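What follows is a short report on a single structure.
The figures here come from the full heavy-atom set of this structure, side chains too, leaving out hydrogens, waters and symmetry mates. Please read all numbers here as calculations on a predicted model, not as lab measurements. In the text below, chain A, chain B and the rest are named by the order of the sequence lines, each starting its count at 1.
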Protein chains: 2
Amino acid sequence: MLDRIADKWTVLVVGALATETKRFGQLRRELDGVSQKMLTQTLRGLERDGIVYRKVYATVPPKVEYSLTTLGLTLVNLVETVRYWSEGNIEKVLMAQKRYDA
Amino acid sequence: MLDRIADKWTVLVVGALATETKRFGQLRRELDGVSQKMLTQTLRGLERDGIVYRKVYATVPPKVEYSLTTLGLTLVNLVETVRYWSEGNIEKVLMAQKRYDA
DNA sequence: CGGGATCCACATCGATACTG
DNA sequence: CAGTATCGATGTGGATCCCG
């Protein structure tokens, strides 16, 4: 459980879906560095956990939209806080690492 | 970066050290299910990142105390929130999984 | 477009044995 | 007591190819 919500891609995906529904390709482009496999895997896991809702349109070409469920929305604040802490302290951590490695 | 602070053992270790300094064996007993290897590894990583302070007493038998640094203390609220969300929503997630798997 | 399937390199982790 | 070292099983992630 901690594993999932603490997961790197979970944090990024929930963050990306915080404000609006997005399509697969859109997410892939936004989450720089994610492979298609990892994105699919993360989304499937989040869908299974009831955090993300997956809506498939039976069109050609296919169209799939991802959004947060009610449960997923309760996670938004949490992951934003996590990201905020990361961005705000990454410098201190990098400096500590330099000191430690020396 | 997200990887570390989101890590399962990081959450548990920071949580365990939130209120008081603890020894290695004490942490190991408290964090049920952690192997000695993972605990050592997690603590080393957190020490390297400047989140945990490691104090070694030159005694026989050895005594090593772990505590949070100033930076580490800023993480306490965050990890407590993560744990709180987990504990508060684990039931919903498990139910969603049952539904999904069916 | 949104994946599924497969292969493979690499990292992770548990178990075990040993030590200052 | 608090580790280090090592091995072997398992898991993870990227790359590639293919499909409805």
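Atom CG of residue Leu68(B) and atom CG of residue Leu75(B) lie 8.5 Å apart, to the nearest 0.5 angstrom. Note that CG of Leu31(A) is 9.5 Å distant from NZ of Lys8(A), once rounded to the nearest 0.5 Å. One distance of note links OG1 of Thr42(A) with CD1 of Ile51(A); it measures 11.5 Å at 0.5 Å rounding. Going from atom CG of Leu78(B) over to atom OG of Ser86(A) covers 8.0 Å, rounded to the nearest 0.5 Å. Note that CD1 of Ile5(A) is 11.5 Å distant from CZ of Arg83(B), once rounded to the nearest 0.5 Å.
With rounding to whole Å, Arg44(A) atom CZ is found 9 Å from dG2(C) atom C1'. Rounded to whole Å, atom C1' of dC1(D) lies 18 Å from atom NZ of Lys22(B).
A donor-acceptor pair under 3.5 Å is formed between the side chain of Thr69(A) and the backbone N or O of Gly50(A). Thr10(B) places a side-chain N or O within donor-acceptor distance of the main-chain N or O of Arg4(B), the cut-off being under 3.5 Å. Judged purely by atom type and a 3.5 angstrom limit, Asp7(B) uses its side chain to pair as donor or acceptor with the backbone of Trp9(B).
Taking every heavy atom of residues 23-34 of chain B and every atom of DNA chain C, no pair lies under 4.0 Å. Residues from residues 55-66 of chain A lying near DNA chain C, meaning a heavy-atom separation below 4.0 Å, are Pro61(A), Pro62(A), Val64(A), Tyr66(A) in numerical order.
Residue pairs meeting the salt bridge (charged side-chain N to carboxylate O under 4.0 Å, His left out) criterion with at least one partner in residues 18-28 of chain A, sequence neighbours excluded, are Lys22(A)-Glu30(A). Pairs engaging residues 88-102 of chain B under the salt bridge (charged side-chain N to carboxylate O under 4.0 Å, His left out) rule: Arg48(A)-Asp101(B) [sequence neighbours left out].
The phosphate of dG3(C) has OP1 or OP2 within less than 4.0 Å of a side-chain N or O from Arg54(A).
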Between protein and nucleotides 5-13 of chain C, map the contacts as a letter string: B base, S sugar-phosphate only, - none, heavy atoms under 4.0 Å, written 5' to 3'. --------B
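Rounded to 10°, the helix from dC1(C)-dG20(D) to dG20(C)-dC1(D) has 50° between the axis fitted to its first five pairs and the one fitted to its last five.
When every heavy atom of Val79(B) is checked against every heavy atom of Gly15(B), the shortest pair comes out as CG2-N, 4.2 Å.
The neighbour count for Tyr100(A) OH, taken as heavy atoms of other residues, nucleotides or ligands under 6.0 Å away, is above 12.
Glu65(B) and Tyr57(B) form a side-chain donor-acceptor contact under 3.5 Å, judged by distance and modelled atom types alone.
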